[in-house]
Amino acid sequence: MNRSYIFCNNINSNDLGLIIENTPEIPTTNFNYDEIEIDGGENLTIRSGFSDVEFKIDFTYFAEPEEYLMKKQRIDSWLLGNVNKYLIYSLDDFSAYKVKKVAIDNTTTTSRYVRHFTATFTCAGLKYLSSGLKPLILTSSGVELNNFGSYESKPFFKIYGSGNITVNINGNSFMVKNISNYVLVDSELKECYKDSTNMGKNMTGDYPILLVGENTISWSGTVTKIELTPRWRCF
């Protein structure tokens with residue numbers, strides 16, 4: 001039987017000799033709420049985002065005394081690295097968690113070479129569908145994409161082309177002027193840029209979102225192709 005694992009920072013925990021001791025609790029998405037007082041009436045409660053969630057994983061590994069510190073340093077460097085912001089757990093591999101911070105508790109030793117520790121991942125409240133983290137290549141205007149998640153997504157665009165390009169999604173459009181070769185538009189970070197150059201002053205319109213269900217994407221201008229990472233999200 002294959003051991004369960006996590007995939008984070010481009011490394012499988014099994015490749016580091018880590019054993020997940022227990023099936024971790026899968027965190028649940030919860031809304032944050034604001035309450036607005038209404039004079040003479042019932043208070044109004046509105047949603048105001050999502051609470052962060054914690055994903056705690058108990059690990060065991062084997063290390064002889066002479067190799068322990070070196071192996072621990074390698075594990076800590078992996079967990080605290082910033083190569084990839086997403087965590088995938090093998091028994092729930094259709095979902096990914098966006099990691100905000102990681103805490104590693106002290107390692108304990110229960111025999112000469114058996115080591116134990118817990119890693120706590122603080123993640124964004126909404127999960128991501130793993131399939132939505134891979135770029136889609138769009139080469140013709142008017143394509144329809146179906147958001148199978150349960151919440152609107154904030155996509156990432158890499159638009160190849162030149163001049164002034166307008167992208168329309170479900171009737172809402174944004175335009176980027178004076179494009180040379182390509183431009184990047186990130187709806188999560190609300191940034192428009194190319195390499196280290198801020199292209200925000202060249203962009204008009206709102207950063208795009210992809211609604212749950214069907215989305216129609218079209219464009220005008222000289223576009224070679226669009227690489228779209230949809231970032232489908234779910235509860």
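None of these values were measured; they are calculated from a predicted model.
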task: Test side-chain contact (heavy atoms from CB on, under 4.5 Å) on L18 and F117 and set out the steps.
output: CA-CA 10 Å; L18 290 171; F117 73 94; 3.9 Å; yes

query: Which word best sums up how the rings of F235 and F50 line up, parallel for under 30°, tilted for 30 to 60°, or perpendicular for over 60°?
result: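 Ring orientation, 0 to 90° scale: tilted.
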
query: What orientation do Y86 and Y128 show, parallel under 30°, tilted 30 to 60°, or perpendicular over 60°?
result: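 It falls in the perpendicular class, over 60°.
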
Heavy-atom closest pair, residues [X] and [Y]:
X	Y	value
E152	V212	N-CG2, 3.9 Å
G132	T229	O-CG2, 3.5 Å
S48	D34	CB-OD2, 3.2 Å
P208	P155	O-CD, 3.2 Å
I88	A96	CG1-CB, 3.8 Å

Look only at the side chain of [X] and the backbone of [Y], and say whether a donor-acceptor pair between them is shorter than 3.5 Å.
X	Y	result
R115	A63	yes
N198	G200	yes
T197	Y193	no
T216	E144	no
S13	I6	yes
N215	L210	no
S173	V167	no
T29	G125	yes
D52	T122	no
K71	F62	yes

Heavy-atom distance under 4.5 Å between the side chains of [X] and [Y], does that happen here?
X	Y	result
L44	I46	yes
F156	E227	no
S90	F7	no
R233	S150	no
I179	S162	no
L16	W78	yes
L138	F157	no
L211	N147	no

Could you check whether [Y] and [X], counting side-chain N and O atoms only, form a donor-acceptor pair closer than 3.5 Å?
X	Y	result
N43	E35	yes
S51	N32	yes
T60	E21	yes
T108	H116	no

field: D92 and K127: CA distance, side-chain angles, deciding distance, side-chain contact (heavy atoms from CB on, under 4.5 Å) verdict
entry: CA-CA 11 Å; D92 183 27; K127 296 186 292 187; 4.1 Å; yes

message: With a 4.0 Å cut-off on N to O distance, would you call D186 and R231 a salt bridge?
response: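 Result for this pair is yes, salt bridge flagged.
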
message: Looking at K190 and E188, is there a salt bridge between them, counting it only when a charged N and a carboxylate O are closer than 4.0 Å?
response: no

Verdict with supporting geometry, W219 and I226, side-chain contact (heavy atoms from CB on, under 4.5 Å): CA-CA 10 Å; W219 57 78; I226 293 178; 3.5 Å; yes

Is it the case that atom [atom1] in [X] sees more than 12 heavy atoms from other parts of the structure closer than 6.0 Å?
X	atom1	result
E66	CD	yes
N106	CG	no
E64	CD	yes

Let me check something: do [X] and [Y] share a hydrophobic cluster, defined by ILVMFWY side-chain heavy atoms less than 4.5 Å apart, either directly or through other members?
X	Y	value
Y89	W232	no
I159	L228	yes
L91	F94	no
L136	I165	yes
I26	V102	yes

N14 CG to S4 OG distance, which is reported to the nearest 0.5 Å: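 Result: 7.5 Å between the selected atoms.
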
query: If you measure from OG on S77 to NZ on K72, what distance do you get to the nearest 0.5 Å?
result: 9.5 Å

task: Test the K194-Y182 pair against the cation-pi criterion, namely NZ or CZ under 6.0 angstrom from the six-membered ring centroid and within 45° of the ring axis.
output: yes

field: Audit row: Y207, I209, side-chain contact (heavy atoms from CB on, under 4.5 Å) steps and yes/no
entry: CA-CA 7 Å; Y207 285 91; I209 61 172; over 6 Å; no

